[in-house]
2 protein chains.
Amino acid sequence: MLDLAVLGLLRAGPRHGYDLKGHLSELGFRRISFGSLYPALRRLEKRGLIIALRTNGRRKAYRLSEEGSAELSRLLRDESHPNEEDRRFNIRLAFFRYLEPALRVRSLERRRRDLIDRLGSTQRSLQRASGGTVDRYTLALMRHRVISIQADIEWLDELIAAERGNVQIYANTSSLMRGTE
Amino acid sequence: MLDLAVLGLLRAGPRHGYDLKGHLSELGFRRISFGSLYPALRRLEKRGLIIALRTNGRRKAYRLSEEGSAELSRLLRDESHPNEEDRRFNIRLAFFRYLEPALRVRSLERRRRDLIDRLGSTQRSLQRASGGTVDRYTLALMRHRVISIQADIEWLDELIAAERGNVQIYANTSSLMRGTE
DNA sequence: TGAATACTATATCGATTCGATATAAATGTA
DNA sequence: TACATTTATATCGAATCGATATAGTATTCA
């Protein structure tokens with residue numbers, strides 16, 4: 001999963017470890033630690049997917065190799081993960097531009113099916129729980145989960161529509177900038 | 001994190017491993033694997049926080065010890081995790097009924113501050129990215145993240161209001177049951 | 001009845017990831 | 001100059017994941 005993120009970032013040009021961490025944060029993957037990032041870099045270097053460039057000072061920059069680029073494509077295409085982790089899908093999406101356009105809609109639709117499944121089972125859980133057995137906090141949690149999944153599916157529908165018809169997404173942005181306070 | 005979940009579930013009565021997994025799924029923590037659950041049980045048993053009960057057959061049920069109950073309270077109270085993981089907060093919330101009522105609002109408000117922080121930094125990322133440097137998928141991802149955090153904060157506000165005023169939450173449930181299709 | 005299939009249940013293994021900590025150079029700033 | 005912050009890499013033990021093994025029990029149905 002980190003491999004995917006690292007290869008994806010290096011696809012745009014050479015970067016060193018600390019720099020990668022910064023860009024991952026910008027992308028929203030804030031909790032990825034150096035304790036996984038640096039080992040991942042050595043791992044990828046050993047596999048020949050990235051190549052260390054000597055730079056001045058303590059920095060060790062890496063660039064993507066041919067094999068690395070191929071591996072990135074493979075990971076982006078990869079359909080062997082049924083019901084993949086949210087984080088993993090998000091990382092894939094962040095590098096969607098490197099996925100063959102023809103495969104993008106398919107990938108989004110697969111994600112949609114996963115979420116529909118999840119919605120169903122979460123709703124069933126909720127319905128069982130609504131029988132009065134469950135305390136209000138758990139119930140609140142379950143309800144919020146349903147709403148979140150529904151919102152994710154609607155968002156995905158917009159992405160799919162945009163992908164199909166080249167529709168403009170999110171015409172209005174002002175609400176995104178209001179501070180909830 | 002798993003410790004918290006296991007202790008929380010056992011608080012309501014003895015259960016065996018497979019059973020715990022099932023209940024975790026019901027609660028929405030679907031991706032917790034046996035590869036972490038069983039080691040966690042042995043870990044907790046070794047620390048004397050849970051006690052194995054002999055049952056018929058292959059089952060090994062566990063019950064919470066006095067120390068386990070104390071540890072659960074401690075973990076629920078725990079404020080040493082600034083900006084805790086979403087998953088961890090959700091697990092704490094699922095067992096909120098075991099947290100002293102006076103501490104509940106505080107805990108929710110701390111979570112709210114964390115989310116406000118996250119909202120701010122995510123919005124700043126988005127604003128930087130909107131300068132035209134970033135592709136549409138990454139942009140879509142960042143925008144969706146902002147919206148999700150805003151929704152989480154609003155949900156939290158309802159929880160806080162309910163906690164303070166004993167207000168009924170979610171009067172209307174019908175929309176939660178519609179299948180998005 | 002008996003064979004095939006699914007479900008329940010525990011366990012283990014290597015690899016990955018986390019979270020905390022150490023170290024030190026460069027840079028800012030009082 | 002002295003001190004704090006930021007940049008940067010590294011390491012360590014522990015937690016978690018994901019896949020796989022094993023085997024008893026229940027269900028199905030030919």
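Quick note on labels: first sequence line is chain A, next is B, and so on, each numbered from 1.
Formation of a donor-acceptor pair under 3.5 Å by the A:Arg104 side chain with backbone atoms of A:Phe96 is found in this model. Looking only at distances, a side-chain donor or acceptor of B:Lys21 sits under 3.5 Å from a matching main-chain atom of B:Ile32.
Listed pair B:Ser36 / D:dC17 meets the phosphate criterion, a side-chain N or O lying under 4.0 Å from OP1 or OP2. Contact check, B:Tyr38 against C:dA11: no side-chain N or O comes under 4.0 Å of OP1 or OP2. Within the 4.0 Å cut-off from OP1 or OP2 of C:dT8, at least one side-chain nitrogen or oxygen of B:Tyr18 is found. Regarding contacts with the backbone of D:dA14, every side-chain N or O of B:Arg42 stays at 4.0 angstrom or more from both OP1 and OP2. Checking the phosphate oxygens (OP1, OP2) of C:dA11, a side-chain nitrogen or oxygen of B:Lys60 falls inside 4.0 Å. For B:Arg87, no side-chain nitrogen or oxygen approaches OP1 or OP2 of C:dC18 to under 4.0 Å.
In this entry the distance linking CG of A:Leu20 with C1' of D:dT7 reads 14 Å, nearest Å. Atoms CD (A:Glu45) and C1' (D:dA10) sit 14 Å apart, rounded to a whole Å. Between the NE2 atom of A:His81 and the C1' atom of D:dC17 there is a distance of 11 Å, given to the nearest Å. To the nearest angstrom, P of D:dT16 lies 13 Å from CZ of B:Phe29. Residue B:Leu44 contributes atom CG, which lies 14 Å from atom C1' of D:dA14 at whole-angstrom precision. For the pair A:Lys21 NZ and C:dT17 C1', the computed distance is 12 Å after rounding to whole Å. As rounded to whole Å, 13 Å separates atom C1' of D:dA26 from atom CZ of B:Arg59. In this structure, B:His23 places its NE2 atom 16 Å from C1' of C:dA9, rounding to the nearest Å.
By the 6.0 Å and 45° rule, B:Arg42 does not stack over the aromatic ring of B:Tyr62.
For B:Glu66, the CD atom sits in a loose shell: 12 or fewer heavy atoms of surrounding residues, nucleotides or ligands are nearer than 6.0 Å. Other residues, nucleotides and ligands place no more than 12 heavy atoms under 6.0 Å from the CZ atom of A:Arg106.
Among the nucleotides D:dT9, C:dG19, D:dT16, the one closest to any side-chain atom of A:His16 is D:dT9. The side chain of A:Glu85 has D:dG18 as its nearest neighbour among D:dG18, C:dT10, C:dT17. Listed nucleotides: D:dT9, D:dC17, C:dT17. Nearest to the side chain of A:Leu2: C:dT17. Taking the side chain of A:Arg43 as heavy atoms from C-beta on, and the options D:dT9, C:dG19, C:dT17, the nearest nucleotide is C:dT17.
Of the N and O atoms on the side chains of B:Ser125 and B:Thr122, not one donor lies less than 3.5 Å from an acceptor on the other residue.
At a threshold of 4.0 angstrom between heavy atoms, the contacts of A:Arg88 with the nucleic acid are absent. Heavy atoms of B:Gly17 sit under 4.0 angstrom from primed sugar atoms or phosphate atoms, though from no base atom.
Between B:Phe34 and B:Ala40, the residue anchored closer to the 5' end of DNA chain D is B:Ala40, taking for each the nucleotide with the nearest heavy atom.
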